[in-house]
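Because the structure is a prediction, the values reported are computed rather than measured.
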Amino acid sequence: MRKSIFRICVLCLTGSLAACGASPSASDSDSDSVAEGNLMTVTLPLADSTGIDARGDYVSARSYDTIPMGRIAEGDVVEGKFRVANVSGKPLVIVQVITGCGCTTADYDPAPIPAGDTVVMTWRFDSRGRYGQQFKSIEIITAERQCATVYLDGEVYMPANE
């Protein structure tokens, strides 16, 4: 079981480190603004896995969602929110939130989420020193060993000199 947990940790770290890279993009979309009522919702626990197989080994249970950040001027800090919904009949405990690099942060309340309840998480992306396409990750890990990953996708451009 230790080997399985180690493999999962290595996979999570590898994905997080890969998300820190930047590549140029030619996208011309404007920055999207999300109204409070239109927030993306991540539902936990995941319905497709119990987390442990018959041998007692960890089974990867993951969910992926992407939030578009649009075009961002280099140096700007972009902030947004998303919901985490507990769709189970018991309290949901988030044990850790991991971001892909230091330019991205996510705030959450470590208190258990009551059954059937929803909480709002806030994220921030600091574009200082970043250019081109950015694909950042926020991993939400529960006490049930499940991981939901939210990706932030946007393009950082160099603003014209004023």
Are any of the side-chain heavy atoms of [X] and [Y] separated by less than 4.5 Å?
X: Y151; Y: D65; result: no
X: E74; Y: Y157; result: no
X: W123; Y: E79; result: no
X: V93; Y: T142; result: no
X: E144; Y: K90; result: yes
X: V84; Y: I113; result: yes

Check [X] against [Y] and note the closest heavy-atom contact, atom names and distance.
X: S137; Y: T149; value: CB-CG2, 4.1 Å
X: A115; Y: G89; value: CB-C, 3.4 Å
X: V97; Y: A106; value: CG1-CB, 3.8 Å

Is there a donor-acceptor pair closer than 3.5 Å between any side-chain N or O of [X] and the backbone N or O of [Y]?
X: Q133; Y: G154; answer: yes
X: D126; Y: V77; answer: no
X: S127; Y: A73; answer: yes

*For side-chain contact (heavy atoms from CB on, under 4.5 Å), just list the numbers for I138 and T104, CA-CA rounded to whole Å, side-chain angles, deciding distance to a tenth of an Å, and then say yes or no.*
CA-CA 8 Å; I138 302 169; T104 307; 4.2 Å; yes

Roughly how far apart are [X] [atom1] and [Y] [atom2], rounded to 0.5 Å?
X: D76; Y: R71; atom1: CG; atom2: CZ; result: 11.5 Å
X: R124; Y: C103; atom1: CZ; atom2: SG; result: 13.0 Å
X: L152; Y: I72; atom1: CG; atom2: CD1; result: 8.5 Å
X: I67; Y: M69; atom1: CD1; atom2: CE; result: 9.5 Å
X: T122; Y: K81; atom1: OG1; atom2: NZ; result: 5.0 Å
X: Y108; Y: I140; atom1: OH; atom2: CD1; result: 10.0 Å

*Decide, yes or no, whether a salt bridge links D153 with K136 under the criterion of side-chain N to carboxylate O below 4.0 Å.*
no

